[in-house]
Amino acid sequence: MKSLTKLSDLSGFKRNLLLLVVDSLIVYFAYILGMYFRYGIFTLDEPEFFVNGIYFSAFIVVSLILNGVYRIAWSYSYFRDYFIILRAVIVGYAIGFLAGRFLNLFEIRFLTVPFTVSTMAAIISVFLLIWSRFFWLSILSRNHPIVSSEERVFIVGAGDAGTSIAEELSRHPENGLVVGFIDDSPKKLRKRIRGIPVLGNTDEIMPLVEKMGVRKVIIAIPSADASTLRRIFSKIDVSKVKAQTLPSITEIMDGKAKLGYLREINIEDLLGRESVQIDLNSLKDYVVGRTVLITGAGGSIGSELCRQISPLGPGRLLLAGKGENSIYEISQEIGSLFPDLKVSQLIGDVADRSRMRYIFNKMRPQVVFHAAAHKHVPIMEENPTEAFRVNSLGTYNIASLADEFGVETMVVISTDKAVRPSSVMGVSKRIAEEFVRSISSRSNTKFGIVRFGNVLGSRGSVIPLFKKQIQSGGPVTVTDPRMTRYFMTIPEAVTLVLQAGAFSGDGDVFVLDMGEPVKISSLANEMITLAGYIPHQEIEIKYTGVRPGEKLFEELVLTNEELIQTKHPKIFRLKMNEAMDEEALLKTVSRLRTAVEESDFEELNRITSEIVDDSTARIDDGCDSK
């Protein structure tokens with residue numbers, strides 16, 4: 001037996017050669033059995049007996065080779081791989097039988113295998129060849145002794161992903177022993193899949209965990225949306241059992257679940273995981289071969305724009321930003337993934353008109369995505385002139401230069417805080433929208449403004465803050481128990497921004513479907529639970545009061561604004577009032593620039609009240625002096 005275990009040490013070529021020899025003997029043996037079952041006793045001294053056996057075996061073995069049987073890694077075989085053996089035998093048998101009958105026409109009868117014999121031999125060959133693979137696997141496994149694992153595992157989801165994970169764990173038992181599936185499908189309940197029982201539905205997870213002594217639960221449903229994952233996760237007590245999941249299906253590009261994909265459940269899974277369908281052709285129509293400028297390219301939204309635009313085939317990618325480190329990092333990332341793409345790193349402030357003019361004049365961008373902005377509400381309350389300088393005047397600079405230099409398409413990233421703004425940041429972004437709409441009304445450039453809410457994991461957002469507070473033992477600070485926000489993952493938001501760009505035209509304002517609003521207090525509770533702590537007991541949640549400029553509830557549109565459905569179900573076009581004329585625009589920009597330079601807060605309030613009649617924000621010099 002020791003000599004058999006040494007077979008696993010053979011090289012791939014030698015293994016396949018050995019398999020080929022063994023398969024030839026198996027098929028010939030199947031022919032002998034077929035002859036015996038058909039005729040009982042037959043004489044071995046007849047030459048036709050041996051010749052016919054070789055003839056029959058040759059067709060089967062050649063078919064096995066041509067069907068790729070010897071290219072299969074049997075150590076990692078799946079059930080479908082055994083169908084290849086069945087197909088190969090059937091094809092070889094059929095061709096061999098027809099060839100024999102053809103030779104009969106020329107009176108060559110000694111190569112004719114009787115129909116009953118060849119049929120029985122083919123059936124026997126299939127069974128023996130498949131059995132030989134199981135025997136082969138048992139030999140290979142002798143050099144890989146099973147490592148016992150005390151970690152018992154449940155897999156939630158008995159579909160393709162779940163069974164793939166179960167098979168991988170069976171080959172790597174040191175990572176866990178699967179004792180059962182959990183699945184809500186009545187058709188699977190109490191059945192066995194790949195030899196593993198489906199023990200119950202998701203409502204029974206914790207009773208079964210305690211009964212079976214399970215230490216890990218793997219949620220293997222890549223197609224599950226956030227609400228489904230939240231429902232399943234709510235059934236799991238993470239203080240008693242470890243919970244892991246697979247990424248969403250869009251993150252698993254080859255569609256095959258692997259142990260390496262498993263990771264801890266995070267808050268993005270419970271709030272995001274939306275699979276966004278887009279029209280790639282419409283995106284390529286305005287991106288392929290173009291010189292694309294992205295302002296704020298080092299930020300959360302800007303860097304994701306770089307990642308999603310690069311595969312679309314732009315002629316050149318211009319990465320513009322104020323921070324050299326962030327621009328360097330995204331440039332390195334894009335360069336490693338797309339080495340043939342021309343990338344330029346441009347350091348500058350969008351509010352510096354002379355610098356921006358130089359970039360437009362030298363680089364001649366054809367498509368512009370304007371993501372550069374100050375977004376932190378409380379900080380902008382303390383620095384209002386900077387908010388207007390960058391968000392309002394900076395946007396005017398980019399939009400007016402896009403018009404002047406004949407840019408084909410420009411997409412501006414806005415915010416839901418521009419709706420009935422109560423903060424300096426919201427007001428500055430709303431004025432930026434009005435500037436773009438005014439320029440667009442007289443321009444050949446296709447302008448579009450995309451308005452959406454909070455994105456998960458962006459810099460300065462509440463989620464990174466909560467993570468740090470939980471890691472330090474709390475407390476987790478929430479401004480008000482009633483505070484709600486819309487959330488969207490960064491990749492989802494950017495994908496929709498790109499799609500909205502294809503719909504852009506006359507300064508349209510687009511609103512993204514952000515789903516259902518989420519209570520910040522509920523978000524804090526879920527993040528504490530995910531970290532394995534008990535909210536209010538092990539980690540305190542402390543309410544600190546609403547900060548200046550913050551609203552309890554964000555809005556995406558005003559009550560008197562009309563939403564119009566676009567071709568995409570998650571993108572809406574906003575029907576708005578007529579934009580300001582050119583004379584009013586130039587006058588307003590001049591007044592705003594002077595007010596910012598001189599820190600004239602009374603003038604800033606007058607400009608705000610004239611342009612944004614629904615604003616409740618108040619700009620004063622006390623903000624800058626804090």
Side-chain angles (χ1 to χ4, degrees), residues 7 10 12-40 42 44 46-140 160 163-164 167 171 192-195 254-256:
L7 291 174
L10 294 175
F13 174 76
K14 290 181 179 179
R15 281 190 194 179
N16 285 335
L17 186 60
L18 180 60
L19 269 178
L20 181 63
V21 173
V22 171
D23 289 348
S24 300
L25 294 174
I26 287 173
V27 175
Y28 196 87
F29 178 67
Y31 164 75
I32 293 175
L33 289 178
M35 288 289 288
Y36 178 77
F37 291 145
R38 174 64 180 85
Y39 295 108
F42 49 87
L44 299 178
E46 296 180 2
E48 302 100 69
F49 172 80
F50 296 103
V51 174
N52 285 347
I54 295 171
Y55 167 80
F56 172 81
S57 302
F59 276 96
I60 299 295
V61 172
V62 170
S63 182
L64 289 171
I65 295 171
L66 296 178
N67 276 275
V69 170
Y70 302 103
R71 292 195 299 269
I72 297 172
W74 292 102
S75 300
Y76 300 94
S77 59
Y78 281 82
F79 189 69
R80 66 177 72 92
D81 292 327
Y82 296 95
F83 276 101
I84 297 176
I85 293 177
L86 174 62
R87 181 183 67 192
V89 172
I90 291 174
V91 171
Y93 155 73
I95 294 176
F97 180 80
L98 294 173
R101 291 300 179 268
F102 177 75
L103 292 173
N104 273 344
L105 299 176
F106 301 95
E107 302 297 327
I108 305 175
R109 301 184 183 280
F110 66 89
L111 291 179
T112 302
V113 180
F115 174 74
T116 52
V117 173
S118 60
T119 302
M120 284 190 289
I123 294 172
I124 295 170
S125 295
V126 170
F127 282 104
L128 291 180
L129 288 170
I130 291 176
W131 177 85
S132 72
R133 270 26 183 203
F134 290 117
F135 181 69
W136 182 262
L137 287 175
S138 70
I139 293 174
L140 293 178
D160 291 339
T163 52
S164 294
E167 287 174 352
R171 289 192 289 268
R192 297 182 78 85
I193 298 176
R194 307 288 169 89
D254 64 356
K256 181 179 176 183

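Side chains are part of it too, since the values below use all heavy atoms of this structure and drop only hydrogens, waters and symmetry mates. In this chain, numbering begins with 1 at the start of the sequence shown.
Summarising the geometry, atom CG belonging to N67 is positioned 4.5 Å from atom CZ belonging to R87; distances are rounded to the nearest 0.5 Å. Distance check: F127 CZ to L86 CG gives 9.5 Å after rounding to the nearest 0.5 Å. We find the CG-CD1 distance between L66 and I95 to be 8.5 Å, quoted to the nearest 0.5 Å. The distance from the CG atom of L33 to the OH atom of Y28 is 12.0 Å, given to the nearest 0.5 Å. Considering CG of L128 and CD1 of I123, their distance stands at 12.0 Å, rounded to 0.5 Å. Interatomic distance, I84 CD1 to I130 CD1, rounded to the nearest 0.5 Å: 11.0 Å.
Here the side chain of S132 pairs a donor or acceptor atom with the backbone of L129 at under 3.5 angstrom. Judged by distance alone, the side chain of S125 and the main-chain N or O of A121 form a donor-acceptor pair under 3.5 Å.
Scanning both residues, I60 and Y93, for their nearest heavy atoms gives CD1-N, 3.4 Å. Residues A122 and V89 come closest through the heavy atom pair O-CG1, 3.6 Å. The shortest non-hydrogen separation linking A30 to I124 is CB-CG2, 3.7 Å.
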